[in-house]
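First the structure, in the form of structure tokens, and then the observations on it.
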Protein chains: 2
Amino acid sequence: MKKEQVTMRDIAGRLGISTVTVSKALNDKEGVSEELKARIKETAKEMGYRLNLAARAMKDGLSYNIGVIIPEQFTNVNHAFYLRVYQHIASRLEAYGYSSILHILTIEDEEALNLPRIYYEKKADGIIILGQIKPAYIEAVQQMTIPKLFLDFYQEGAQVDSIVTDNFYGSYELVSYLIREGHRQLAFVGNIHATSSIQDRFLGYYKSLLEHRIPLDPDWIIKDRDEQGILIDLELPTRMPTAFVCNCDQVARALIEKLKKEGIQVPADCSVVGYDNDIFATVSEPQLTTVEVDMEMLAGAAVKTMMKKISRGEASTGRTVVQGRIIYRDSVKSLTQAQSTD
Amino acid sequence: MKKEQVTMRDIAGRLGISTVTVSKALNDKEGVSEELKARIKETAKEMGYRLNLAARAMKDGLSYNIGVIIPEQFTNVNHAFYLRVYQHIASRLEAYGYSSILHILTIEDEEALNLPRIYYEKKADGIIILGQIKPAYIEAVQQMTIPKLFLDFYQEGAQVDSIVTDNFYGSYELVSYLIREGHRQLAFVGNIHATSSIQDRFLGYYKSLLEHRIPLDPDWIIKDRDEQGILIDLELPTRMPTAFVCNCDQVARALIEKLKKEGIQVPADCSVVGYDNDIFATVSEPQLTTVEVDMEMLAGAAVKTMMKKISRGEASTGRTVVQGRIIYRDSVKSLTQAQSTD
DNA sequence: CTGAAAGCGCTTACAG
DNA sequence: CTGAAAGCGCTTACAG
């Protein structure tokens, strides 16, 4: 059912002028008298004209769309984060006259190395991949002959630029805060082989320990998930630390529940910090001290980089790092105060 | 930066044939010998050919995109639900050769009645609105000259078809279950003027009361949010029911926390049920008995209806209702058993 | 300031 | 079975 749509020709016909002039007027280009331009715009509005971007797109060899790909696997963990980042990306793109197509990469497609159809149909001028994908899929992605960008993760050796949150430094700061509060027995909770994020958060923790000459105790690296990312039951260490540094809020909350069942109160008997500042941070009892990613900056950096690549065919920007900040809540007890009031 | 892209002409040139034949072959149309077709497909693959859908789109006067609009306001409550429904919509659309553009309608744009740019640029052949929007915006939406569909809500009087979950019947079934379990003192938690969903869930509750000749007690309709949808502190009724029927899991969980603080155990002293089966249902302690929406059916119905509208210009389908199902968990105590063991 | 011509990459209807 | 021609709706480069 092809609808009779108003085109520039219709406007031109009505006004007895050419489509060229209509095009110029509607795009605010030089070469139309102000008076005619006004009349054209008015007529366009009156007739309910809407630009057919597909026509312009074809002329330019551009789609004016950016594909945002979120792997389904990660979508299940932290919907809020991905949806919000997407929203910020979309709104930034609007300023460039771009729309965004959200494609959720199913586990099956990731396994089978199926590239999204928007690529095969030239529906996107660039692709932003939001959330870690498997190495094999990364290779497939590199076959795509359009600009691409990794967001919120990176892969060593991959020839794809990425924008990441500063997991390393964020975690480092959070642990340094704990140490300033008098904690010196700090466990890390997370599978340090599961994702680059967890790994970096662990290394930030480790850096802070090193700086304060606190030895790293392997018994205090507690696995929270298997290599597939499926969360497992946490095992409390035999010797307890004064604080647990969890790689994410969800696990921090699970840990607190577990501690409660063992009769250990948080933060009275033991402090716990998370990471992400997602729903689990506020749903947890007590609410979590954690690190928040600046989603707006993350999205802003991604869009800016992508637009450069598209318009100027700009070369590699490498790894861009976006800072986070600590959100102080109720899951940490200050041991320095505690001692002074003893 | 216009990339040199492979076109049908390039393939035709290489093979010494016409683009018409290439087009026919690639689209599996009649009129090309099997042998030539195979050679064309092979060459296309070899040359890394990707269809330029924009060209076909222009010919057809179609964009092969459907816009999915989610109001930001609702996005903040239940990200998981919207993202998952979107995913199902997107994957259903793929089967029709369609992509989906997710547009999050900001509160400001909704207030200012700004229609999404994808409409003004003819980037979408149809629009699915997922989540309740304000009446004024509904009127704006009706100005759009492309097929539109409301998903997960409806508005009396609006000339727009909608697909909704059966809030009425789902709630009715859930309450009937509670009554079967011996409960006869049932409170409803939710602002029955806030959304059509809450209202329908309330009415399902009421229907079940009516059927069982249980009088409706106004003191047992407990407000959970203001008219803007902002959750407020719950006030427990002076006379306690044996079960609370909450309009959503989030509020059910908040209620349970509140009850705990008052020393009332769930479900031992009091039962609580939710609705939605979202993250709050499993994060709650105990986990909630609730109603789950069949998101796949919801999305499937939406896409089917939309495709009909686009291809056949089909008329109104009115209100389509999609069933949910009860998920039984640990927040309900059977009073019949309790009595029999007394 | 205004417009005729050509072209973006496909597909459709028709002719051979 | 194969292809020349026309057209989708816009924009660009050029001419007047």
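Lettering follows sequence order; numbering is per chain, from 1.
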Trace of the side-chain contact (heavy atoms from CB on, under 4.5 Å) decision for B:Met307 with B:Ile66: CA-CA 10 Å; B:Met307 285 300 127; B:Ile66 295 295; 4.1 Å; yes
Sugar-phosphate only, base, or nothing, as touched by A:Leu53 at under 4.0 Å among non-hydrogen atoms: nothing
Between P of C:dC10 and CZ of B:Arg9, the distance in whole Å: 9 Å
Atom-to-atom span, CG of B:Asp10 to P of C:dC8 - whole angstrom: 11 Å
Length of the CG-C1' vector between A:Leu36 and C:dG3, whole Å: 12 Å
Phosphate contact (D:dC10 OP1 or OP2) by A:Tyr64 side-chain N/O below 4.0 Å: no
Residues B:Lys309, B:Asp125: salt bridge by 4.0 Å N-O rule: no
A:Asn52 vs D:dC8: side-chain N/O to OP1/OP2 distance below 4.0 Å: no
B:Phe150: which of B:Leu130, B:Ile127, B:Val160, B:Ile163 passes side-chain contact (heavy atoms from CB on, under 4.5 Å): B:Val160
Nucleotide C:dT2, atom P - distance to NZ of A:Lys37 in whole Å: 12 Å
Rounded interatomic separation in angstrom, taking CZ from B:Arg39 and P from D:dC1: 15 Å
D:dA6 phosphate, OP1 or OP2, under 4.0 Å from B:Lys59 side-chain N/O: no
Residues in contact with DNA chain D, drawn from residues 14-26 of chain A - heavy-atom cutoff 4.0 Å: A:Val20, A:Ser23
A:Tyr49 and A:Leu26: CA distance, side-chain angles, deciding distance, side-chain contact (heavy atoms from CB on, under 4.5 Å) verdict: CA-CA 10 Å; A:Tyr49 173 75; A:Leu26 261 23; 3.7 Å; yes
D:dG9 phosphate, OP1 or OP2, under 4.0 Å from A:Arg50 side-chain N/O: no
Nearest-neighbour nucleotide for the A:Met58 side chain, D:dT2, C:dC8, D:dC10 considered: C:dC8
Under 4.0 angstrom between B:Arg56 side-chain N/O and C:dT12 OP1 or OP2: no
Rounded interatomic separation in angstrom, taking CE from B:Met8 and P from C:dC8: 15 Å
For atom CD of A:Glu30 and atom C1' of D:dT12, their distance in whole Å: 15 Å
NZ/A:Lys37: more than 12 non-hydrogen atoms of other groups inside 6.0 Å: yes
Rounded distance in Å - NZ (B:Lys29) to C1' (D:dT2): 16 Å
Greater than 12 external heavy atoms within 6.0 Å of A:Gln142's CD: yes
Contact list for residues 111-122 of chain A, test side-chain hydrogen bond (donor to acceptor under 3.5 Å, both in side chains), sequence neighbours left out: A:Arg117-A:Glu121, A:Tyr119-A:Thr145
Nucleotide paired to C:dA13 in any strand shown, Watson-Crick or G-U, under 3.5 Å: none
Base-pairing mate for D:dA4 - Watson-Crick or G-U, with both contacts under 3.5 Å: none
